[in-house]
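Right, one structure below, let's go through it.
These figures come from a predicted structure and were not determined experimentally. When a ligand or atom number is given, it counts from 1 through the structure's own listing order.
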Amino acid sequence: MQFTIEVNNRSIRAEKGETILSALNRNGIMIPTLCRMAEFTPTGACRMCVVEVEGRDRLVTACSAPVEEWMKIRTHSPRVIRARKTIVELLLANHPDDCLYCERNLDCELQRLADQLQVRERRIRGSKIKQRRDQSSPAIVRELSKCILCGRCIRVCEEVITATSIDFIGRGSTTHVGPAMDRDFNFSSCIHCGQCVLVCPTGALHEKHYLSEVQEQLSSDNVIRVIQYSPLVPWALAGELGVKYNRDFDRVLNAVLRKIGFNKVFLSGTGTDILITELADEIVRRQESGEKRNLIVSACPAWVKYCEQFYPQLLSMLSTLKTPQQISGAIIKSAVLPDDDRKRVYTVSVTPCTAMKFEARRDSMTRKGISDIDTVLTVRELTRLIVLYGIDVSGISPEAADEPMGLRSAASLMAETAGGITEAVVRSLFLKTGNREADRLAAKKLRAAGSFREATVTAGGVTCSVAVVDGMKGFEKLRQMLDGGTVYDLIEVMACPGGCVNGGGMQPAGTREAVRQRARFVWQTNDQEAVRGPEQSASVAALYGKVFEECPELAGKRLFHTRFDRREVLL
Ligand code: SF4
Ligand code: SF4
Ligand code: FES
């Protein structure tokens, strides 16, 4: 039901049941918010969104108060602006004032609000919060002197990721955000998904940077610098750099990386193609031998850590295959360069994921003390590197990536969406039987909305039952299915809702619809690409046909597998 309310002496239409904020925004009236997150129940904690409602003594928080038919609202009266300004001034009173050196300088919501509300002098002086920087995690840095206690990170960690790794600690002026028992991040149950980083309005939570290390290697003699990047990286990077993306930009990026100083540029998508091939082969092997057992994809390192610490009883179902970046890393450090050169190789992987920073440091990803991947950068870090090196991407001619990992299939790009690996494996299985219709059937079910999806596809005498957990909220449903005795040929779990398109190393998407929009881009690109699956990729053919056979370390494909163990963490 719609009705009319008065806002700033003008009539606007409001919907029964919506909040004041929603009615205002729908009518093009914007007011500042801080603790509010789209699609979350409002808490009314920060009071930044206050408005004046005639007949009410106190200012009302627009994000949580329902709109009512009789309301006369003032959104920018002197009293309202004064209140908002005071809130910002109070937040700044004990803020460290190191904006110029801050991770989020020029991209900070608090800074923006201070500017919008014209805070030009320090009227309120508080004692500066002296909290050390927690750098114990390989993926996430906590700088609590910059925390404004909005609680967004806590809600995302609990309600979206269901890890509940952080909470408010202490009371009054000592309140801060941290893991259980106020210990450092590395002892916590944090799965390094980076979703808290995406919602933090200030520089209180950010990904751990490895740019200095990369710069050092770029200027060192006697180092062979190798970089690989995930299929989504060129598209995400174009967005960060503000240039229009087209397929040529993938090859422009190869040239850019060589200009920066990388000697070899590989596609992690080739590693994804190998993962898809190996998963499809494993399903065929199990079906042929009559082995009916759940196979859970282990391509999301955040999910893998979640499983290790919260559901170790499922570890036996987890595929032992490494993630695409680690498969590519194992190939690079085993086969791509002559023996003598390998000791001098420094490998960088660029991904949309913060958890891969943690994954690369797992003991099981190192051989004789040498990691297959030396450094993992997010898309944001790569953007900074390109800007730092002063490269104008608009005038650069495209170049091919290096073989034997210079081509990727459309299926590998699909793997960047939740359900994409499953769709790609189903496609591979049914391409073997020559049945393309099954591919379309699976796509329809697996691309649907919802945090848990399942499909059973039968074609050419082959039946494949699959399930997808799209964000950890869907995990509970999977658990119920498994407890009930359901067996799937393949289960994919992606910790971040939407999959890597919404990874912690990407730009924040903001809403579910924006994440779906990214997935739609991937699906459309997938439909336009000629090389549909790994079986059509020349790089995959060369690797399986020659490279693996000639490299003793890779011959049995043992290096593509790893182990996962129960993990003790503070809960
Ligand atoms: S990185 Fe993920 S698991 Fe860790 S605190 Fe942030 S939201 Fe929670
Ligand atoms: S760490 Fe960031 S998101 Fe979390 S409460 Fe502090 S300011 Fe808010
Ligand atoms: S945004 Fe409304 S109370 Fe915080």
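Ranking protein heavy atoms by distance to atom 6 (Fe) of ligand 1, first place goes to C196 SG, 2.3 Å. The protein heavy atom nearest to atom 1 (S) of ligand 1 is G194 N, 3.2 Å. Scanning the protein heavy atoms around atom 4 (Fe) of ligand 1, the nearest turns out to be C190 SG, 2.3 Å. Scanning all protein heavy atoms for the shortest distance to atom 8 (Fe) of ligand 1 gives C157 SG, 2.3 Å. Closest to atom 2 (Fe) of ligand 1 among all protein heavy atoms lies C193 SG, 2.3 Å.
Ring geometry, W303 versus F475: the interplanar angle falls from 30° to 60°, so the pair is classed tilted.
Remark: the backbone N or O of G170 is not paired with any side-chain donor or acceptor of T174 at under 3.5 angstrom. With T366 contributing its side chain and S371 its backbone, the two residues share no donor-acceptor pair below 3.5 Å. A donor-acceptor pair under 3.5 Å links the side-chain atoms of E18 to the main chain of E15, judged by distance alone.
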Identify each donor-acceptor pair in which a side-chain atom of residues 63-71 lies under 3.5 Å from a protein atom, sequence neighbours left out, and give them as a table.
{"residue": "S64", "atom": "OG", "partner": "T61", "partner atom": "OG1", "Å": "2.7"}
{"residue": "E68", "atom": "OE1", "partner": "W70", "partner atom": "NE1", "Å": "3.2"}

Using residues 30-43 as the side-chain source, report each donor-acceptor pair under 3.5 Å to any protein atom, sequence neighbours left out, with the distance given to one decimal.
{"residue": "E39", "atom": "OE1", "partner": "R512", "partner atom": "N", "Å": "3.1"}
{"residue": "E39", "atom": "OE2", "partner": "R512", "partner atom": "N", "Å": "3.1"}
{"residue": "T43", "atom": "OG1", "partner": "A45", "partner atom": "N", "Å": "3.4"}

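Contact detail for C102 and K146: the closest heavy-atom pair is SG-NZ, 3.5 Å.
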* To do: Evaluate the salt bridge (Lys or Arg N to Asp or Glu O under 4.0 Å) criterion for residues E381 and K357: first the C-alpha distance (whole Å), next the side-chain angles of each, then the deciding distance (0.1 Å), finally the verdict.
  => CA-CA 12 Å; E381 288 172 281; K357 288 175 183 278; 2.5 Å; yes
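Around atom 6 (Fe) of ligand 2, the protein N, O or S atoms closer than 2.8 Å are C147 SG, listed by chain and residue number.
For the pair E308 and R362, the salt-bridge criterion is met [side-chain N within less than 4.0 Å of a carboxylate O].
No side-chain donor from either of N186 and S137 sits under 3.5 Å from a side-chain acceptor of the other. Side-chain contact of T347 with D372: a donor-acceptor pair under 3.5 Å is absent, judged by distance alone. In the model, T323 has a side-chain atom that pairs as donor or acceptor with a side-chain atom of E359 under 3.5 Å.
Excluding waters, the count of protein N/O/S atoms less than 2.8 Å from atom 4 (Fe) of ligand 3 comes to 2.
Taking a cut-off of under 4.0 Å to the non-hydrogen atoms of I191, the atoms of ligand 1 that pass are 3 (S), 4 (Fe).
Contact of the L211 side chain with the L385 side chain is registered, since non-hydrogen atoms from C-beta on lie closer than 4.5 Å.
Distances from atom 5 (S) of ligand 1 to the heavy atoms of I140, I166, I154 show the closest one on I166.
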